[in-house]
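Have a look at the structure below, then the notes.
All chains are named by letter (A, B, ...) in the order of the sequence lines, taking the proteins before the strands, and each is independently numbered beginning at 1.
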Amino acid sequence: MPIRVHNTLSRTKEEFTPRDSGKVAMYVCGPTVYNHIHIGNARTFLTFDVIRRYLTYSGYDVRFVQNITDVDDKIIARAAEEGREPAEVAAEYTLAFRQAMDALGVERPTVAPKATQTIPGMIAMTERLIERGHAYVVDGDVYFSVRSFPEYGKLSGRNIDDLESGARVDVDERKQDPLDFALWKAAKPGEPHWASPWGEGRPGWHLECSVMSEEELGVAFDIHGGASDLIFPHHENEIAQSEAATGQPFVRYWLHGGLLQVNAEKMSKSLGNFMLLKDVLERYPAPVVRLLMLQTHYRSPLDFSTDRLDEAGRSYERLVTPLRNLEWAKRNRAITERADATRSAIEALECTPVTARDAFAAAMDDDFNTAGALAALFDLVRVLNTFLEQYGIGANARYAARLDEAADVLRDLLGVLGVSTADAARADEYPSDVLPLARDLAGYAGSDTRAAVEALLTARTVARTERNWAAADAVRDGLERLGFTIEDTPSGARVTFRGGGQAPWPT
RNA sequence: GGCGACGUCGCCAAGUGGCAAGGCAGAGGCCUGCAAAGCCUUUAUCCCCGGUUCGAAUCCGGGCGUCGCCUCCA
């Protein structure tokens, strides 16, 4: 089944046909490295990470290019505030950006060019534009002439005259038209600068994306992504300069993500209501953050709050619990076939690898409907749970293999969404707080925390055998306060440590 | 003022002409010493008013409300 994508240029869903069969060339606008990225930035990068992963899962060879804007007004301003060199500021936040993306589980780009390493290409494109009559020089600045490009406005659905009537910012008298934008800026004293045919200067904002994408992907590459606030003027200007310079279409499919909001308002630097990704990741595991964002379609606005993160945490638990339960059942060879076990539970288990993959793909093929894809995974979870409930691992190897197959599908498809299941089994590094508890309740005198927990569980088992519920519950409640959960299963008590004295999210 | 998006169960959310997915929360039941996890059951005619259609949450018109872009912004 073909993949369909919403193309901002046509405002409709179109069948996705890449330029070169089997290959996808995509470009996503990267960060300006003047600060840590915020959670809104993260949403956009996450969106395109999942799109890239799904295209790869679908069999495409994806070449993914993302710029690093490391020379810009905001970087210069920040450096001036802090009495540092712009390059130093850019280097610091470039590193921070990569670390944050790694922490979120975003795959690295195939290529991540920096603006400062693309200067010759930007100068060359500016020269091309001047030659073709699309740009003009004024006092060391070079401006693109929007009037020279008749199709200006086709992406954002505006026309030049409407834009000018709504203009409310000071007009630079040196521009031929108020909408003309800088391709090259003459450097002011103290600013980073490079030699150019128009004097010492630095590139304008939009230019790098046009140059890098053409160098790395060629023109009329497949997918250009970014958040919807980049449609105008950024992407509109990219189209103008690229198509004016090459005389060819720039991009086949424009994909734009919805903005993240806080309290139903746009989160932005200027409103000051933003949260940094790194701060959120200190409090919530990456899979939970990803899950929250993937529960909403990528083009819709998404309201972000800790309440919703907590909710996503519970959803994550539901998705990974069957994997934990299956491992536990296998380790204990738990076969709990019940008298009322049903034939349909077996049939569902047999069908689920295929039905889950089909439903997942059908949702994702429809403009990357991750919410629908998740629904397919929750259905798979129910099938697994139901089978485990009724049969355990099953009385013969045939079902054990079926269970493994279903679990593999679940892990694989969660992987396409970049939702790691690795955290699900973490249970090491018990806190030393268990030692006094074990001494008081189990008479354990050693210093090995794992042995202490074992002693506590043994004491609890003994107490339960003696029907001494108060003593048994003292162990469970004591451990609960330290971040452990005890669950009694047909194969004995299972203890899960969720970390710290405080659970990463309420359980 | 110009352009655009959205309004679906308590909360979140999918669904673009044919009996309204899913998650969270709630209720009842099963299981449990009690729990936890899990299973089963249970909760909507889709902002309002018109229209098109055999049939609309889905198409058209109007209204109300929310949000975004038009200025750096993911």
Side-chain angles (χ1 to χ4, degrees), chain A residues 8 11 13 28-32 37-48 72-74 77 153 156-159 161-170 179 205 225-234 236 256-261 264-271 274 291-292 295-297 299-303 305 307-308 310-319 321-322 324-325 328 338 340 345 359 363 366 369-379 381-382 384-390 464 467-469 472-473 476-477 480 485-490 493-494 496 507:
Chain A
T8 306
R11 291 176 186 71
K13 282 184 200 169
V28 175
C29 287
T32 301
I37 65 163
H38 60 63
I39 196 73
N41 298 305
R43 184 193 185 194
T44 299
F45 300 140
L46 175 55
T47 291
F48 290 99
D72 168 89
D73 291 348
K74 293 189 289 292
S156 55
R158 300 154 207 260
N159 66 64
D161 297 322
D162 281 349
L163 284 165
E164 289 185 353
S165 68
R168 48 185 142 105
V169 187
D170 57 314
L179 292 171
W205 175 38
S228 57
D229 58 352
L230 293 183
I231 295 172
F232 189 91
H234 185 52
E236 194 70 71
H256 289 98
L259 299 181
L260 184 142
Q261 310 182 327
E265 249 188 346
K266 175 182 174 179
M267 179 170 81
S268 71
K269 285 148 196 164
S270 48
L271 289 173
F274 63 92
L291 209 48
L292 167 58
Q295 280 170 342
T296 301
H297 186 89
R299 284 191 286 111
S300 299
L302 168 68
D303 209 37
S305 69
D307 280 353
R308 296 207 55 199
D310 292 337
E311 208 175 287
R314 291 187 285 270
S315 296
Y316 179 64
E317 287 287 280
R318 180 159 174 82
L319 288 169
T321 293
R324 280 213 324 253
N325 287 346
W328 175 262
R338 295 181 357 183
D340 60 349
D366 184 12
N369 183 350
T370 52
L374 281 169
L377 298 188
F378 281 110
D379 286 341
V381 162
R382 176 172 295 106
L384 265 170
N385 284 337
T386 298
F387 187 91
L388 283 170
E389 166 93 358
Q390 294 186 9
R464 292 183 75 212
R467 306 182 71 78
N468 183 352
W469 309 129
D473 290 348
R476 188 173 63 199
D477 296 344
E480 184 73 53
T485 300
I486 291 180
E487 298 165 277
D488 292 316
T489 76
R494 174 170 64 172
T496 305
T507 48

Using a heavy-atom cut-off of under 4.0 Å over every strand shown, decide if [X] touches base, sugar-phosphate, or nothing.
{"X": "Leu374(A)", "value": "nothing"}
{"X": "Glu389(A)", "value": "base"}
{"X": "Gln390(A)", "value": "nothing"}
{"X": "Arg158(A)", "value": "base"}

Considering only side-chain heavy atoms of [X], which listed nucleotide, [options], is closest?
{"X": "Thr296(A)", "options": "A14(B), U16(B), C34(B)", "result": "A14(B)"}
{"X": "Ala472(A)", "options": "G33(B), C39(B), A21(B)", "result": "G33(B)"}
{"X": "Thr321(A)", "options": "A37(B), A74(B), A35(B)", "result": "A37(B)"}
{"X": "Ser315(A)", "options": "G23(B), A36(B), A21(B)", "result": "G23(B)"}
{"X": "Thr386(A)", "options": "G38(B), A13(B), C40(B)", "result": "C40(B)"}

Any [X] side-chain N or O less than 4.0 Å from OP1/OP2 of [N]:
{"X": "Ser300(A)", "N": "A14(B)", "answer": "yes"}
{"X": "Arg467(A)", "N": "C34(B)", "answer": "no"}
{"X": "Arg338(A)", "N": "C30(B)", "answer": "no"}
{"X": "Asn385(A)", "N": "C39(B)", "answer": "yes"}

Whole-Å gap separating [atom2] ([N]) and [atom1] ([X]):
{"X": "Asp307(A)", "N": "G10(B)", "atom1": "CG", "atom2": "P", "answer": "18 Å"}
{"X": "Asp161(A)", "N": "C70(B)", "atom1": "CG", "atom2": "P", "answer": "19 Å"}
{"X": "Arg314(A)", "N": "A36(B)", "atom1": "CZ", "atom2": "C1'", "answer": "15 Å"}
{"X": "Arg382(A)", "N": "G22(B)", "atom1": "CZ", "atom2": "C1'", "answer": "8 Å"}
{"X": "Asp310(A)", "N": "C12(B)", "atom1": "CG", "atom2": "P", "answer": "15 Å"}
{"X": "Glu311(A)", "N": "G10(B)", "atom1": "CD", "atom2": "C1'", "answer": "11 Å"}
{"X": "His297(A)", "N": "C6(B)", "atom1": "NE2", "atom2": "C1'", "answer": "13 Å"}
{"X": "Arg308(A)", "N": "G23(B)", "atom1": "CZ", "atom2": "C1'", "answer": "10 Å"}

Distance check, [atom1] atoms only: [N] and [M], in whole angstrom units.
{"N": "G23(B)", "M": "A13(B)", "atom1": "C1'", "value": "8 Å"}
{"N": "U53(B)", "M": "G10(B)", "atom1": "P", "value": "34 Å"}
{"N": "G7(B)", "M": "C12(B)", "atom1": "P", "value": "12 Å"}
{"N": "A36(B)", "M": "G26(B)", "atom1": "P", "value": "11 Å"}
{"N": "C48(B)", "M": "U8(B)", "atom1": "C1'", "value": "15 Å"}

Heavy atoms, side chains only, cut-off 4.5 Å: are Arg494(A) and Ile486(A) in contact?
-> no

Non-hydrogen side-chain atoms of Leu291(A) and Leu319(A) separated by less than 4.5 Å | yes

Side-chain donor or acceptor of [X] under 3.5 Å from a matching atom on the base of [N]?
{"X": "Asn159(A)", "N": "G2(B)", "result": "no"}
{"X": "Arg11(A)", "N": "G4(B)", "result": "no"}
{"X": "Arg43(A)", "N": "A74(B)", "result": "no"}

Is the shortest side-chain N to carboxylate O distance from Arg158(A) to Glu236(A) below 4.0 Å?
-> no

Any strand, both distances under 3.5 Å, Watson-Crick or G-U wobble: G55(B) pairs with none

Is C67(B) paired to anything, Watson-Crick or G-U wobble with both distances less than 3.5 Å, and if yes, which nucleotide?
-> G4(B)

